[in-house]
Amino acid sequence: MKSVEQKKRILVTGGAGFLGSHLCERLLTDGHEVICLDNYFTGTKQNILGLLDNPYFELIRHDVTFPLYIEVDEIYNLACPASPIHYQFDPVQTTKTSVHGAINMLGLAKRVKAKIFQASTSEVYGDPQVHPQPESYWGHVNPNGIRSCYDEGKRCAETLFFDYHRQHKLRIKVARIFNTYGPRMHPNDGRVVSNFIVQALLGEPITIYGDGSQTRSFCYVDDLIEAFIRLMATEDDFTGPVNTGNPGEFTILQLAENVLELTGSKSELIFKPLPQDDPRQRRPDITLAKEKLGWEPKISLREGLLPTIAYFDDFLRTQK
Ligand code: NAD
Ligand code: UDP
Ligand code: UDP
């Protein structure tokens with residue numbers, strides 16, 4: 001049990017999404033009160049069904065592009081579609097969510113003097129020309145391509161966070177999240193881990209975009225949430241941005257081979273065109289996270305794929 005002073009009231013925007021639902025669960029386990037805000041664009045009530053009976057959990061249907069007046073101690077700002085299919089569905093709304101959403105949540109944090117965390121992204125590095133990517137790298141981003149609504153929206157949100165910090169002395173924490181996977185990923189959002197697992201379980205062809213030699217570094221969700229908690233608990237003079245991700249780097253073909261082996265699937269590999277502006281390679285330099293958060297991921301790709309496969313297996317059975 002937390003004492004009255006230790007127990008915080010914490011707002012999680014995008015709390016019904018993949019990462020948000022795991023974060024809400026962790027904060028409740030840690031003894032806090034959680035207010036989960038979501039407009040259910042990509043999140044679902046299903047993700048937080050297990051939390052609804054908890055008297056310290058509260059749910060608000062709200063769009064972060066509109067102002068919100070409540071009293072909280074901390075804010076985790078996660079609201080934003082995260083996969084290309086969803087953020088490109090209504091790109092103007094994606095930029096609004098990142099930019100107006102950040103302004104509203106920063107305005108709220110300023111009024112109630114709350115500490116505020118921003119879910120930024122490795123996409124601020126674009127198609128990087130420095131590898132692996134340290135936080136000091138400014139990135140290589142197309143300002144007007146089909147990924148720009150997400151990349152530039154998140155970059156502008158970072159600008160706003162640092163200006164509210166400098167101008168209004170807000171306590172901010174900015175995490176640059178690299179590709180993360182685990183149970184409760186959206187089954188149809190087109191991300192590579194969910195696509196490959198669902199395709200393998202259904203015995204459908206595994207869709208490799210390009211020749212599959214592009215790389216990504218995949219972090220299991222529990223490792224990532226631990227980094228969020230540690231970052232929020234750092235001294236006020238540490239703002240980030242800090243890379244949070246798993247430096248283990250795999251080609252997309254290697255990911256496909258792992259998924260096929262662990263599911264025992266006989267699905268064939270098929271090759272499709274590479275989407276526009278698809279980054280060639282991505283791997284976080286996590287030196288700063290190790291130093292400031294005392295954190296590094298513990299769960300290997302194969303260890304993390306097992307519960308993720310089990311989740312989708314169960315999901316597909318109960319959907320039928
Ligand atoms: P997700 O799509 O599962 O979650 C996003 C949540 O935000 C959803 O529940 C959605 O309904 C909600 N949302 C979207 N627009 C909203 C709005 N205008 N108002 C209120 N709620 C809104 O995605 P996720 O993977 O859980 O990502 C969470 C955050 O982490 C996002 O900000 C994303 O950009 C960031 N991120 C995720 C990854 C990853 O690999 N999962 C990588 C980098 C950054
Ligand atoms: N805001 C909010 N909740 C609050 C305080 C502010 O949603 O509790 C929003 C409001 O829409 C405001 C924005 O945050 O426009 C930025 O607030 P800030 O105080 O920085 O600027 P201003 O009020 O001058 O626009
Ligand atoms: N990808 C793929 N097949 C799929 C989905 C994605 O080969 O069915 C590729 C995609 O082109 C990219 C990588 O996998 O190179 C990661 O894609 P994802 O959308 O998961 O994340 P992001 O590109 O945003 O890092």
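No experiment lies behind these values; they were computed from the predicted model shown. Scope of the values below: all heavy atoms of this structure, side chains included, with no hydrogens, waters or symmetry mates. Every number for a ligand or one of its atoms is a count from 1 in the order of the listing.
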Answer with yes or no whether the side chains of N39 and R61 bring together a donor and an acceptor at under 3.5 Å.
no
Could you find the nearest protein heavy atom to atom 15 (O) of ligand 3 and give me its residue, atom name and distance?
D278 OD2, 2.6 Å
Counting from 1 in the order shown, the ligand 1 atoms closer than 4.0 Å to a non-hydrogen atom of T180 are 39 (C), 40 (O), 41 (N)
Within a distance under 4.0 Å of any heavy atom of G14, pick out the atoms of ligand 1 and give their elements.
6 (C), 7 (O), 9 (O), 12 (C)
Could you verify whether a donor N or O on one side chain and an acceptor N or O on the other, from H131 and E249, lie under 3.5 Å apart?
yes
Regarding K7 and the six-membered ring of Y56, is the cationic atom NZ or CZ under 6.0 Å from the ring centre and inside 45° of its axis?
yes
Looking only at the side chains, is there a donor atom on one of S217 and N246 sitting less than 3.5 Å from an acceptor on the other?
no
Return the option from A82, S21, G245, A157 holding the heavy atom at the smallest distance from atom 23 (O) of ligand 1.
A82
For ligand 3, which atoms, with element, lie under 4.0 Å from some heavy atom of E123?
24 (O)
Before accepting this row, confirm whether a basic side-chain N of the pair E158/R155 lies closer than 4.0 Å to the acidic partner's carboxylate O.
no
Below 4.0 angstrom from a heavy atom of K110, which ligand 2 atoms are there? Numbered from 1 as shown, please.
18 (P), 19 (O), 20 (O)
List ligand 1 atoms under 4.0 Å from H62, heavy atoms only on the residue side.
19 (N), 20 (C)
Which of the numbered atoms in ligand 2 are under 4.0 angstrom from any heavy atom belonging to P67?
7 (O), 11 (O)
Any idea which atoms of ligand 1 are less than 4.0 Å away from a heavy-atom of Q93?
18 (N)
Considering all heavy atoms, the nearest F66-H62 contact
O-NE2, 3.0 Å
Heavy-atom contacts under 4.0 Å between S122 and ligand 3: side chain, backbone, both, or neither?
neither
Starting from atom 7 (O) of ligand 3, find the nearest protein heavy-atom neighbour and note its residue, name and distance.
Y209 N, 2.8 Å
Should you measure from each heavy atom of G17, which atoms of ligand 1 turn up under 4.0 Å away?
3 (O), 4 (O), 8 (C), 9 (O)
Y164 touching ligand 2 at heavy-atom level, < 4.0 angstrom:
yes
Any heavy-atom pair between the side chains of I252 and Y209 that's under 4.5 Å?
no
Looking only at non-hydrogen atoms, which of V192, I252, T207 approaches atom 3 (N) of ligand 3 most closely?
T207
P275 neighbourhood, listing ligand 3 atoms whose heavy-atom distance to it stays under 4.0 Å
11 (O)
Taking every heavy atom of P128 against every heavy atom of Q133, the minimum-distance pair comes out as CG-NE2, 3.3 Å
Pairs of nitrogen or oxygen atoms closer than 3.5 Å, one from Q199 and one from ligand 3: do any exist?
no
Test item, R147 contacting ligand 3 (heavy atom, 4.0 angstrom)
yes
Here's a test for you: under side chain to side chain contact (heavy atoms under 4.5 Å, CB included), which of I206, D313, V259 qualifies with I197?
V259
Just distances here: any N/O of D38 and N/O of ligand 1 closer than 3.5 Å?
yes
For atom 30 (O) of ligand 1, grab the closest protein heavy atom and report residue, atom and distance to one decimal in Å.
L19 CD1, 3.6 Å
D151 versus Y87, side-chain donor and acceptor atoms under 3.5 Å
no
Would you check whether N195 has a nitrogen or oxygen atom less than 3.5 angstrom from a nitrogen or oxygen atom of ligand 3?
yes
Would you check if V242 and E135 make a side-chain contact, meaning some heavy-atom pair closer than 4.5 Å?
yes
Residue, atom name and distance, where the atom is the protein heavy atom closest to atom 8 (C) of ligand 1:
T42 OG1, 3.1 Å
Contact check, side chains of F312 and S194, non-hydrogen atoms, under 4.5 Å
yes
Counting from 1 in the order shown, the ligand 1 atoms closer than 4.0 Å to a non-hydrogen atom of V64 are 17 (C), 18 (N), 19 (N), 20 (C)
Check: of G43, S120, A119, min heavy-atom distance to atom 44 (C) of ligand 1 comes from S120
Taking both backbone and side-chain atoms of L68, is any N or O found less than 3.5 Å from an N or O belonging to ligand 2?
yes
Look at atom 22 (C) of ligand 1 and say which protein heavy atom is nearest, naming residue and atom and giving the distance to 0.1 Å.
N39 OD1, 3.0 Å
Numbered atoms and elements of ligand 1 in range of K154, under 4.0 angstrom, heavy atoms
31 (C), 32 (O), 33 (C), 34 (O)
Heavy atoms only: which of I60, D63, I48 is nearest to atom 18 (N) of ligand 1?
D63
In the structure I gave you, are the side-chain heavy atoms of I103 and L106 within less than 4.5 Å of one another anywhere?
no
Using the side chain to side chain contact (heavy atoms under 4.5 Å, CB included) rule, pick out the option among L59, V34, D38 that qualifies with I48.
L59
Do N142 and R147 meet the criterion of a side-chain donor-acceptor pair at a distance under 3.5 Å?
no
Taking atom 22 (P) of ligand 2 as the reference point, report whether a protein heavy atom occurs under 4.0 Å from it.
no
Counting from 1, what ligand 1 atoms have a heavy atom of A79 closer than 4.0 Å?
7 (O), 20 (C), 21 (N), 22 (C)
Which residue and non-hydrogen atom of the protein lie closest to atom 8 (O) of ligand 2, and at what distance in Å?
R111 NE, 2.6 Å
for atom 29 (C) of ligand 1, nearest protein heavy atom and its distance come out as L78 O, 3.3 Å
N179 N/O under 3.5 Å from ligand 1 N/O
no
Starting from atom 9 (C) of ligand 2, locate the nearest protein heavy atom and write down its residue, its atom name and how far away it is, to 0.1 Å.
N104 OD1, 3.3 Å
Per-atom contacts, ligand 3 versus F196 - under 4.0 Å to a heavy atom:
3 (N), 4 (C), 8 (O)
Using a 4.0 Å heavy-atom cut-off, say whether Y40 meets ligand 1 through its side chain, its backbone, both or neither.
backbone
With respect to atom 17 (O) of ligand 2, which of G101, A109, A114, G107 exhibits the smallest heavy-atom separation?
G107
Nearest non-hydrogen partners of P183 and P307, listed with the distance:
CG-O, 4.0 Å
Atom 39 (C) of ligand 1 has as its nearest protein heavy atom R191 NH1, 3.3 Å
Taking K298 first and then E226, would you say they form a salt bridge - that is, a charged N and a carboxylate O separated by under 4.0 Å?
no
Identify the protein heavy atom lying closest to atom 4 (C) of ligand 2, giving its residue, its atom name and the separation to 0.1 Å.
Y69 CE2, 3.3 Å
Provide the closest heavy-atom pair for P247 versus P284 in the form atom of the first, atom of the second, distance.
CB-O, 3.8 Å
Identify which of F18, F178, Y150 has a heavy atom lying nearest to atom 36 (N) of ligand 1.
Y150
Do you know the tightest heavy-atom contact between Y311 and M185?
CE2-O, 4.1 Å
Distance from T308 atom OG1 to L306 atom CG, nearest 0.5 Å?
8.0 Å
Side-chain heavy atoms of K173 within contact of E74, under 4.5 Å:
no
Given side chains that start at C-beta, do those of F218 and V192 come closer than 4.5 Å, heavy atoms only?
yes
